[in-house]
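Read through the structure below, which is laid out as structure tokens, and then see the notes.
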2 protein chains.
Amino acid sequence: MDKGLEKNITIADVAEALGVSKTTVSRAISGKGRIGRETRERVLAYIEEHDYKPNVIAKGLAQSKTYNICVVMPGEYDVVDLTFFQECLFGIQEIAGSMEYDILLSICRKNDISSLERIIANHKVDGVILMRTFVEDEQIDFLQTKNVPFVTIGSTSANYKGVIQIDHNHKSACKELTSIILMKQMDKIALIGGNEEHVVTQSRLRGFREAYAKMGKTLDEDLMFLSQDNQVLVEKAVKEALNRQADCILCMDDAVCSRVLKTLRQQHVKVPEDVRVASFYNSMVLENNVPSITSLSFDAKELGMVACRTLLDLTEGLEVKERTLLPYEVVLKESTK
Amino acid sequence: MDKGLEKNITIADVAEALGVSKTTVSRAISGKGRIGRETRERVLAYIEEHDYKPNVIAKGLAQSKTYNICVVMPGEYDVVDLTFFQECLFGIQEIAGSMEYDILLSICRKNDISSLERIIANHKVDGVILMRTFVEDEQIDFLQTKNVPFVTIGSTSANYKGVIQIDHNHKSACKELTSIILMKQMDKIALIGGNEEHVVTQSRLRGFREAYAKMGKTLDEDLMFLSQDNQVLVEKAVKEALNRQADCILCMDDAVCSRVLKTLRQQHVKVPEDVRVASFYNSMVLENNVPSITSLSFDAKELGMVACRTLLDLTEGLEVKERTLLPYEVVLKESTK
DNA sequence: CTGAAAGCGCTTACAG
DNA sequence: CTGAAAGCGCTTACAG
């Protein structure tokens, strides 16, 4: 029946050993409240020597805090999304750890947020980071009615007011990449796109359209293939695009892009000789492709770091910006030569 | 300065509202201790109606438990590993959630386990699941000296005694796949292999060798390329293997396999016409490859579920098996036709 | 500058 | 069957 965990030394033990009160020990550790320099140093020395670590749980209970944040990860995903989430997590963990916070993981499917609900009901966290949002988002509804501090990675639909969002500037990025391609005299651009329920898809689409407007060109709606979210649909779209003589295929994300490339390979269509290809996202999956793929470049870890820092500020009651947009790079490679 | 979280209803509130003691309320909820049926039902009804949820943190403090488990995820990984970790996580979360436990995530690099150390020092979890182990493993050393209950996903080196391990039967699986290939009259098998510091690599190697022994064939050490853990090394190994007329390339994991396939593509070597290919692991990355790749098939989610269940038993002081081996399948596809 | 005491929201012997 | 009280390990007014 032994739990295995050693009986731990508590604040009472060090107080007794030093002949001071628990209050004093607590003050020495937290640095709050007046305390004599000498006393504080004695306490600190003892703590150091005996390797005392405060019980964060108890501390949290006394302060009505948990020193945990929840990050919710989508339960449905494409392989290529995974590296993005992972990178974000690295960033979040780096900041959280440095502030003595830990990460509670919640996996939520679009129609099942029970894991998140339980965590909130159980008072296990001080705030939440949403790694993906939908145009209609149950998670946001829930968190807002429960009044839980949260931030989203990626932008949220305009339906939601007052949501703190940390995102890359997808619209500008897509606009810039599209513009560059248009400038290269590829006029027949086929756009093959991801899940329209993801807010980011909308931003990308907007950037794409704005590029056309800016360049004074009109886009061919027959070359727009949205919501092609599986291999079969992508294959059909690619064939259709080729039939219509598209000279460039723009992929709205890397899941789409890897499917497009696969289809082209099967069809023995050469990139960039027969058709150019570019992606509105960047990922490790495409990193090693032959030929290398023109794409945007975003720093997902940075996104995680900023999101975490913002959430922590928020839980402390600090003022935070509603929308933070991080920069991007356009990376031109062989696939659009 | 508003924390945002509503003031929550506590056990004291419901006790007062019902004119009973906190003890009684507590008993009604936990089901422990004697309590009148009618009283219990009154309490339960009130709780239900007012949507009272016990504060798990406080409960944990009183019981010296946290209702959290830590899962440590490797900080260095190949893209193809990610789906494995993700699947495991799904399994872990499913079981943990059903037992009202949550997952605290720790990301550890081989030489930096500070995140895990902090979580343990802070008493934040009741036990730990290690998602990857090394032949020399700091994490295990640490957890053992701290006397923290833990289980590993994957086997651990024989250097460590008494470690609870949940694994697929890699050795048998590799032995079986290798045997099948040998039976198909491919005698010149090139083995291109992953990180030798991972315990699983050793198991795979053993299975490979045993297959040769069983079939009464001698293996060609010149066709064994171990620790080829980047694109450059894999390329060299593939070329060397082709030079030596290998008729099948066996990849020790999918990271290697995707690199091998890439190299073969670049060299315009056809699979399976010019050389056969098979992998000692299965992943979503290879799922869509053309041609389809012969590989082993393991259920990572199941692994996570069993690991979590075992850890929970362990923290409760129940007897658990030191080593649990889950079954596998051999999936023959076009690449070894 | 320091300490006794109450409190965070639960559980659990102990007594009745 | 039920309750008063002590305890889990901290923090924090309040008083001195």
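Remark: Arg118(B) fails to qualify as a cation-pi partner of Tyr67(A) under the 6.0 Å distance and 45° angle criteria applied to the six-membered ring. Cation-pi geometry between Arg109(A) and Phe90(B) is met: the NZ or CZ atom falls under 6.0 Å from the ring centre, inside 45° of the normal.
When the side-chain nitrogen and oxygen atoms of Gln63(A) are compared with OP1 and OP2 of dC8(C), none of them lie within a distance under 4.0 Å. The phosphate of dG9(C) has neither OP1 nor OP2 within less than 4.0 Å of any side-chain N or O from Thr10(B). For dA5(D), neither phosphate oxygen OP1 nor OP2 lies less than 4.0 angstrom from any side-chain nitrogen or oxygen of Thr23(B). Using a 4.0 Å cut-off, no side-chain N or O of Ser21(B) falls inside it from OP1 or OP2 of dA4(D). Applying the 4.0 Å criterion to OP1 and OP2 of dC10(D), one finds that Tyr52(A) has a side-chain N or O inside that range. Residue Tyr67(A) places no side-chain N or O under 4.0 Å from the OP1 or OP2 atom of dC10(D).
Pairing partner, dT2(D): dA15(C), with both Watson-Crick or wobble hydrogen-bond distances short of 3.5 Å.
Within the 4.0 angstrom heavy-atom criterion, only backbone atoms of the sugar-phosphate kind lie near Val20(B); the bases stay farther away. Residue contacts shown for Thr24(A) are limited to sugar-phosphate atoms, with no base heavy atom under 4.0 Å away. Within the nucleic acid shown, Thr39(A) comes within 4.0 Å of sugar-phosphate atoms alone, with no base atom in reach, counting heavy atoms only.
Comparing Ile29(A) and Ala58(B) by the nucleotide of DNA chain D whose heavy atom lies nearest to each, the residue mapping closer to the 5' end is Ala58(B). Where Arg27(B) and Lys53(B) meet DNA chain C, the nucleotide closest to each residue was compared, and Lys53(B) sits on the side nearer the 5' end. Between Lys32(A) and Leu61(A), the residue anchored closer to the 5' end of DNA chain D is Leu61(A), taking for each the nucleotide with the nearest heavy atom.
Arg132(A) and Asp81(A) are joined by a salt bridge, as a carboxylate oxygen and a charged side-chain nitrogen come within less than 4.0 angstrom of each other. Contact check on Arg37(A) versus Glu41(A) returns a salt bridge, with a Lys/Arg side-chain nitrogen under 4.0 Å from an Asp/Glu carboxylate oxygen.
For the C1' atoms, the distance linking dG16(D) with dT12(D) amounts to 16 Å, nearest Å.
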